[in-house]
Each structure stands twice: as structure tokens, then as C-alpha cells.
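Below, read A as the first sequence line, B as the second, and so on, with proteins coming before strands; counting in each chain starts at 1. Atoms considered below: every heavy atom in the structure, side chains included; atoms not considered: hydrogens, waters and symmetry mates. Quick caveat: nothing in here was measured; it's all calculated off a predicted structure.
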Number of protein chains: 2
Amino acid sequence: MSVTLKDVAQAARVSVSTASRALTGTGLTSERTQQRLTRIARELGYRPNPIARGLKTGQSRLVALLVHNLTNASFQVMAEVVQARLKAMGYQMLLCIGGDDPEQESDTLTTLVDHRIDGLIVVPTGKNGTQLKALAKDVPIVCLVRRDDATDLETVLADDPQGAYLGTRHLIELGHSRIGLIVGRQDTTSGRERLSGYVRALREAGIPVDDTLILAGHFVPETGATCCRTLLDLPRPPSAIFVANHEATLGALRVIAERNIAIPDDLSLLCYEDMPWFEWHRPAISIVDNGARDLANLAVDRLLQRMDAKGNGSDGVREYRVGARLVKRDSCRQIDAAPPARSGKPRSSPSRSSASKLSASKSAKV
Amino acid sequence: MSVTLKDVAQAARVSVSTASRALTGTGLTSERTQQRLTRIARELGYRPNPIARGLKTGQSRLVALLVHNLTNASFQVMAEVVQARLKAMGYQMLLCIGGDDPEQESDTLTTLVDHRIDGLIVVPTGKNGTQLKALAKDVPIVCLVRRDDATDLETVLADDPQGAYLGTRHLIELGHSRIGLIVGRQDTTSGRERLSGYVRALREAGIPVDDTLILAGHFVPETGATCCRTLLDLPRPPSAIFVANHEATLGALRVIAERNIAIPDDLSLLCYEDMPWFEWHRPAISIVDNGARDLANLAVDRLLQRMDAKGNGSDGVREYRVGARLVKRDSCRQIDAAPPARSGKPRSSPSRSSASKLSASKSAKV
DNA sequence: AGCGTTTCTGCAATCGTTTGCAGTCTATCG
DNA sequence: CGATAGACTGCAAACGATTGCAGAAACGCT
């Protein structure tokens, strides 16, 4: 069917081994034959068979990326980044969708190593730690976005504490002191970490943490809507809401529209993670960018290095954090008439009576 | 490293060939040995090496899906559907992102056949027809969403003429007669077909086709915004806009918001293709659903059948259409006070003076 | 018992590469 | 001119499975 190495060798009247050496450039052939063979190979349209090669070398030039889904915008850009980077390195990406389901994850993982993938970037569910650990002996693995606590795998994480801190501080600087937080489940790392960043910013500014303003849960848009309603129905509703959960944003926006609440005039809204349409929404929605692009790039970097390192390595660092970034658009507004704030960024004022207030702020119970 | 067939054979004190036959279930082994071997294989944790198997059989159990990107919601659901279906059939999906770029597409295609994929579902750019045709000899291919006119490959298409017709008719039934259309480039199949459906619905209702209401282009949100502005700035602006282009919707919505135009009170808006947030937008946006899910399913069906058929086949049918569906939400409104329309669906009225008007309607020049 | 069938098993070749080892050639040096 | 190193090249064995062919065992039948 297709042209094999043997055909090339025959056409060039050399042995298969010579042909192989010439084309792979192992350097053990004379300059002349090498050139001659590459020419002939090109003329014949020879393409090496990765399967045969893989059988011998134990490599497949396949790298898998296992994510939960593709509806999440972050996963989309990550997939695109990973694909592009890998392709440039001569690998094919094997994109798998695990649906955040441990069983399916486990299934997929075994299929993948069956296929002798050369590397794996995975957003772990967290329930297959032992399996992952075992696989890591055979193939370089990098965890992305989530950590699997049962393993000591190299992990690339978003800096959620910092991101939440940044976002909250932004709102504080705009004069908000009652800031609602809609955040993810507290048994996920990101849920915990985003809450902690929020709390830190508040404390630093000497603002007491009000439990009633903090709502956590396993979010789908519906729950986002519910939480938003709860916040707005409070006797003293917040002047700003920080939706620190991707899925919840949709629901929150809907409630806000239903109630004819004007953003940012009546309420400031800040979201975590970007979506393509946030920029086109009116008002354009300010966000904390978790740096999906950077995360993916770093994960690929790490993976490639481990793949080069060939099993040795394990050079100490196991966890990388990628900085978050505040993207100011039009959904947050200054509410204090007090400081005219002509001059650049308002400074954060951690000194102002922070100590006295700190004791007053009870830790959030969610 | 991992346990091979030889190990299993040794443990069972049979030859490799017997082991192979027993485990693959070719039926040429005795019941007893078969059971014994499966047991031993399980105990030893034997997993067949797909690479070695592939070398011999020429199959890889890999099926590729090549789409333009993952930001398009339709592609997301297609990817998820295809992955799920294939997985159930014991295949791994190789998801590739071609960026609608012919060169990258060509590249990817060769890599894929190098890897001896067993099948391919591709959204063609349309510029690599000859290559595709050549590849089709080696591997079953099904085109999705777009046709590549240079080939006679089996193709699964959305029924764009019908979808556009359905949408336009819906607006007409609501009493609109000046309906703006923002549509894709006319050198793409979908662009042409959606326009034709729009025109057909108009003609059928005896409404003259007004060229100034039809805007086409290669869309990004920005252009969608521009078109929307143009329509609204018309001396006699439309009472409804049908955005028949995925990307353009964002821009249009933005313009509408900027100008404080109330939907559906001041303007009805209908879009093509669903996006997760349309449902959560307020007002929820009515759409014509192109049936991405069905498209993907059908494509998989066709592909699997061709893969079974093993090169023969070519049973005549080359083009499949998947019906579009109108999803009424809250962005379109009745504007005629005239017909109370109490009774179910208003009938389409093709009879009413259609002949006389037909001649009056000039064909759209875009 | 002898023979033909049927059923199972094993040998060995094969898929297309890579790679250790040994052999061949050329050139260089004494 | 002969020896010898050095540079290429070819042979053949892998890699881990599948599969045609032929031999062996078991079985039924006359």
C-alpha cells in the first residue's frame, strides 16, 4: 500500500538498515548516501510508519490531554495551546474528555497507557490518585489546574488565592465594603483558595468578614442564580458581587437582568475566568483572568522537560503557580464619593485600623 | 516492563499463538483453554499492546476528528458526542484543531494517516480536496458540516436552507415583514444556503426581498456589530433581525445594548446555532438549532458503517441532511395586532398573492 | 483396529522499523 | 607495499502481536 523503508532501500540499492540510519540521521552514514537517500525517499513519497517505529522504540509520539469537558472556556484555550505547542514539537495531541467522572477517568487512563502515550497532561478528578501514581512510573505526567493530593506529581496550578485577593482588593479600592462572594465547593482546592484570597483582602483592608455574604456550593447556573437572589434579598445587600465560579456567572447575570438591576450603577459585578462573550456583553464584564493560556504553556514546558529527562529528573519542585491577572472592564464602579481618586491607583491601606477590626472578623463558615 | 502475550503463554504453558487465539476469541481454541487463559491473563494484568497489534493488522483503533476550533459551541458538543460514541465502540478519539487553515489542515491530515487512523471525521476547509480524495482510498472519511466540493466524500450537513427558512418563517408569522439578515460569506455553503432559506420564506409569504436588509461577510464579532449598526441606521430599519452567523451574534447584541434597544419590544432577534449562555441571557435568545448533536451522531454512524464495510460499500448516498429546529425563547415578539392568532400555530399562507409578489422580489445581491 | 474427520495446538513468517555486531572497504601511515 | 585504524555498510535479531499451514490429538464410524 504505502511506501516502506524497504522500498526506499531497494530503490537506492542499499540495505534497509543503511536507509534507516540515513533517514533518521544517526550520523553513521556518509554524507553522500545520506543526501541520496533523503532525495529518493522524498521522490518516492516515503513516510515512516510511526506504529512500526513505536513498536521498536516504545514511543508513540502521542501526548494525551485529559480534561473534564470542553464547555469550560479555560479548557478550550488550554486544549488549543497544548495542541499547538505539541504539534510544533512533532507530537500529536490525544484529547480526551473525562467529564470529571472518576470511573471514566480511570478507564481513559488505562487506554492511554495501553496506547503507549509519551506523556500526559491531566486535570485530575482527585479520585484516582493511586492509579495515577502507578502510571507515573511508566510515563511522564503533569497535573493541571487541580492537584491530586494522593500523588506527588508535578502540578501546574492557577494562583487562586492571589486571583481572589486581587479581585477583592480591586472592589475594595473602588470603595466597596460589602462584597458578596459566590464561590465553589469547599472540598475543592479552588473553592477553598478563592475564599481565602477574598478573606485576606478583606482583612488587609480592615473590613470585617460577614458570613452571610459568602455562599458556596457545587455550581451550575441554576445555583448561581439562587445564590445571587439570596445575596440581593439580604436586609443589607452587598454593593458588589464577586462571582468566583465559572458556571455560576450565567445564573447571576440572569437574576440581575430580571430584577432590572443596572450594572455597574446599582451593583458592581466581578467574575472569575474569562469567557469570549464577557467582552461583548454590555456592560463588558470585568474579570480575574486565571491565566489559562499561561497554565497550559507551563504544563507543556514541564512535560516536555520530563520527557527529555527520561525518567530521572524529579528535581525537587513539584508545584508551580501561574499568576492571575485583573482585567478591568465596565462592570465595576467606584462608589465612595469621598476620595476623588484622581491620582492613579488608590493605594491599599492595610494600616487603617486593621488590627482592631481583625479580631472582629470571624472566619467564614461555609 | 509490562506483561506481554509471551508471559501469559509461558505462565499457561502454551504457545504464544494459542494464547493469542484464546484471548482474541477467534474461536479456534477449546473452551477450557480459553477460559484458563483469560483467567491467567487477568491475573497477570495483561493488556494487549495496540501498537504491536496495529503493526500486524494495520489498524490503530484511533479515529480522528478534525475541527476548526473549540470556541464554537457546535464543535464542542460534536467533539463530546463523537468522543463518547467512539469510546463506546472501543476507539480512541484523536481530536485535532485545524483553525480553518488549509495548510495546517493538510499537515494534520498527513500526520493522521501516518498514524494509521482507522477513520476520520473532518470539517473540511475546502482547499484540500485532492488530498482528501487521495486519503479516502486508504481510510474511511466522513465530512461534517461543510462539503468539500472537490471530492465526492460522504458528507453530513446541517439543513441550512431549512433552518433559515424555519427561522424566517417564524418571524414572518409573528407579523414581521422587514427582517434584517446578517449572514456568512457567500462563498461558503452555509452562507449561501442560509440566504436561500431566508429568501424562500419571504417569497412564500409574498414579501418582497429587500437587498438593503441583507448583509453578508466573513464574520467576527466586530463585523457583526457593524452590520447591526448599518441595519439599525436604515431609513426604514427592520423590525426583526435574523443573525444567521454564529460569530456575529456577539457584536449585534452589543450594539443593541449600547443603543438601549429593548428586545423583543423594540426589535426581535433570532440567532442561528445555540450557545450555552443564550438560554441565560435576558431575554433568553430564540434560536435556530442546527442540530449539532444529531450531526455528530449521524457522522459517527456513517463512519462506523464505512469502517465495517471495509472499502467496498459506496452505496450511492453521499449527502445527509440533519434537520434544523426552531427553539422559541423570549427574543422574538408578535408585532401585528391584526390577527389575534388564538388558534395554535398560524398557518403559513403561501397562497395569498404569492404569484404577483414573486416577480416583484429581486434576487438578493450580496 | 483402521481410517477419516474434526478440533485444537504449535511453528514460523510477517508487519516496518531500529540497532548491536561483524564485516568490507578505503585511506593513511610506517 | 602491507598493516591497521577508521568510516561505512549489511546481516539478522529484536519489538509484540496475528495468522497460514501443518502436525497432533481426539473422536466417531465401519
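The pair B/Glu105-B/Lys127 fails the salt-bridge criterion, with no side-chain N (NZ, NE, NH1 or NH2) lying under 4.0 Å from an Asp/Glu carboxylate O. Salt bridge absent: A/Asp138 and A/Arg116 never bring a charged side-chain N and a carboxylate O closer than 4.0 Å.
Side-chain proximity of B/Thr57 to the nucleotides C/dT17, C/dG10, D/dT18 is greatest for D/dT18. Checked against C/dT9, D/dT19, C/dG10, the side chain of B/Ser20 finds its nearest nucleotide in D/dT19. Counting only heavy atoms from C-beta on, A/Lys56 has its side chain closest to D/dC15 among D/dA17, D/dT9, D/dC15. For A/Leu55, whose side chain is taken as the heavy atoms from C-beta onward, the closest listed nucleotide among D/dT19, D/dC15, D/dA17 is D/dC15. Nearest to the side-chain atoms of B/Thr18 among the listed nucleotides C/dG10, D/dT9, D/dG10 stands C/dG10.
Between the CG atom of A/Leu5 and the P atom of D/dA14 there is a distance of 20 Å, rounded to whole Å. Atom-to-atom, CD of A/Gln34 to C1' of D/dT9 comes out at 14 Å; the value is rounded to the nearest Å. Atom pair B/Arg36:CZ and C/dC8:P shows a separation of 14 Å (rounding to whole Å applied). Here D/dT18 presents its P atom at 10 Å from CG of B/Asn49, a figure rounded to the nearest Å. Going from atom CG of A/Asp7 over to atom P of C/dT17 covers 9 Å, rounded to whole Å. When the C1' atom of D/dA26 is taken as reference, atom CD of B/Glu31 falls 17 Å away, rounded to whole Å. The separation between B/Lys6 atom NZ and D/dA14 atom P is 8 Å, rounded to whole Å. Spacing between atom CD of A/Gln35 and atom P of D/dC8 amounts to 13 Å, rounded to whole angstrom units.
No donor-acceptor contact under 3.5 Å links the side chain of A/Arg47 to the base of C/dG16.
Residue B/Leu62 holds its CG atom at 6.0 Å from CG of A/Leu94, rounded to the nearest 0.5 Å.
Residue contacts for A/Arg116: at a heavy-atom cut-off of 4.0 Å it reaches no nucleic acid atom on any strand shown. Here B/Pro50 lies out of heavy-atom contact (under 4.0 Å) with every strand.
The phosphate of D/dT18 (OP1 or OP2) has no side-chain N or O of B/Thr24 nearer than 4.0 angstrom. In terms of phosphate contacts, A/Ser17 brings no side-chain nitrogen or oxygen within less than 4.0 Å of OP1 or OP2 of D/dA12. Taking 4.0 angstrom as the limit, B/Arg53 places none of its side-chain polar atoms (N or O) nearer than this to OP1 or OP2 of D/dG16. The phosphate of D/dT9 (OP1 or OP2) has a side-chain N or O of A/Ser30 nearer than 4.0 angstrom.
B/Ser17 and B/Ser20 are not linked by any side-chain donor-acceptor pair at a separation below 3.5 angstrom, with hydrogens and angles left out of the test. A donor atom on one side chain and an acceptor atom on the other are not found under 3.5 Å apart for A/Ser30 and A/Arg36. Side-chain contact annotation: B/Thr155 with B/Arg302, donor-acceptor N/O pair under 3.5 Å absent.
Along DNA chain C, the nucleotide closest to A/Thr4 and the one closest to B/Ser15 are compared, and the more 5′ of them pairs with B/Ser15.
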